[in-house]
Amino acid sequence: MRAFNLYLTIIILASCLANVVMTFMGQNDLTVYFTVNVIIFLVITLLHVYLNPAARRSLSAIALVLFGGFMVIVVLKVIEVLSS
Amino acid sequence: MRQTRNPYQILGLGLSIAGAIFAPIAYFLIASVPLTAIAISAVMIGFTSLALANARPYISPEASEIILKAGMENTAALLEELGLRNKAIYLPSSLRGGRPQALIPLKDVIELDRIKEKIPGRLIVRYGNNPEDMAIAVTTPGSIKLDGLDINVGATPTEIERAMTYVLTGLLDLANSVAVIVMDNKITVDVNGSRLHYEDIWYYRCLGSPVASIVATIACEALGKPVRIVEESYQRGKSHILLEVLS
C-alpha cells in the first residue's frame, strides 16, 4: 500500500502548505482556498496515473464532485464580474 | 461484532467527521476563513482516504503471500521431481490459448521454429514432432495478473515500460519504478524498490522471481514472441533482469 500512502502524504503536505502560505499572504476569501485545494487534488490525482483501477474510479468520482464545486465558483465569479 | 481494521477507513472517517463539525464552528463562531479552509481540506482528504479504503484488496497481504508461496512450492516440487533445470520460455497468450504461460522444456536446446502453432492447454505438452520435444507448461504470477489488465500493451520500449510500471507499481505495489532498455533481441529491465527479490532456489533458477516472471510475461505479451529470463540479480533494493526475445 506504499503507492496509496505516498499519494495521501503528498496531498496532505501540499494542501497544508498551500493553506499556510495563503494565510500568511493575508488571503481572506474562502473560495480562493477552496479553488486552490481542488486544483492541488486534481493535479496530484492526475500525476498518480498508476494507482489501481478501483482506486482511480473512486478518486475520479470525488474529482468530478470537486470540479463541479470549482465550476460553480467560476460561474458565480463570472456573473459577478459581468453584472458589476 | 465486525471490527474495522482498514487504516484508510479510520483516517477517512476521522478527518471527514472532524472537518464537517469544525467547518461551521470556524466560519460562524470563530469567524476565521483560514481555519474554515483547513476544515474543508480535512473533509476533502477524508473522502480521498475513504475512496482508497474501498480499493484495498479483500484478502490481507499475509494471506496473499501464503497462497503465492504454496503455489510456488508445488511448482518447485514438480520441477525438482522431474529434475528440470532449464530456463523457462514465456509464451504469449496467442500461443497458449488465451493465457500467457511459461514452458519448461525437457531438453536444454529447444528449436523455437517448432513452437509456431498453438500449444495444447495441458500440463505436459508436445511442442514439436520429435518424441523429445516435450515440455511442461505452468502458469506463473504474471500470467494470472495480466488477465485483468485494462491497458493495451504495445511493442515499443515506452509502451512496455508503461505497462510494467502500471502492473508492478500501480496494481501490485511491488516496486517503486521500472526502467526498460531494448537492444536488438535483449531487454534490460531495472526494477527499483523491488519487494520480491531473487533468491538462489530451484524455482527461481527455472522460472525467475515473481517480479521477473511478471516482467517476462508483459514483454512476451507486448512483443507477441517467446521470451526467456537470461539473467537476474538483486542489489540494494534494485532488481536487474535481462530478457532474451526468442524468434
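Throughout, a chain's letter reflects where its sequence line sits, starting with A, and its residues are numbered from 1. Here the structure is a predicted model, which is why all the values come from computation and not from measurement.
Contact annotation for B/Ile38: both backbone and side-chain heavy atoms come within less than 4.5 Å of a heavy atom of chain A. Residue A/Ile62 touches chain B through its side chain alone, counting heavy-atom pairs closer than 4.5 Å. Looking at B/Leu11, only its side chain comes within 4.5 Å of chain A, counting heavy atoms on both sides. For chain B, no part of A/Ile40 is nearby; none of its heavy atoms comes within less than 4.5 Å. Proximity to chain B is limited to the side chain of A/Asn19, based on heavy atoms less than 4.5 angstrom apart.
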| request: Check step by step if side-chain contact (heavy atoms from CB on, under 4.5 Å) holds for A/Leu8 and B/Tyr8. | output: CA-CA 10 Å; A/Leu8 262 184; B/Tyr8 296 103; 3.7 Å; yes
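With values rounded to the nearest 0.5 angstrom, B/Leu15 atom CG is found 6.5 Å from A/Ile12 atom CD1. Distance check: B/Thr48 OG1 to A/Leu66 CG gives 7.5 Å after rounding to the nearest 0.5 Å.
Ranked by heavy-atom pairs shorter than 4.5 Å toward chain A, the options B/Ile40, B/Thr165, B/Thr36 are led by B/Thr165. Per-residue counts of heavy-atom pairs under 4.5 Å with chain B were compared for A/Val32, A/Ile11, A/Asn28; the largest is that of A/Asn28.
Minimum interatomic distance between A/Leu30 and B/Ala37 (heavy atoms only, all atoms of both residues): CD1-N, 3.9 Å. Nearest heavy-atom pair, A/Ser15 versus B/Ile45, reported as atom, atom and distance to 0.1 Å: OG-CD1, 3.5 Å. Across every non-hydrogen atom of A/Asn37 and B/Met44, the tightest pair is O-CE, 3.5 Å. Smallest separation of non-hydrogen atoms from A/Asp29 and B/Val33: C-CG1, 4.0 Å.
Within a 6.0 Å radius of OH in A/Tyr7, more than 12 heavy atoms belonging to other residues, nucleotides or ligands are found.
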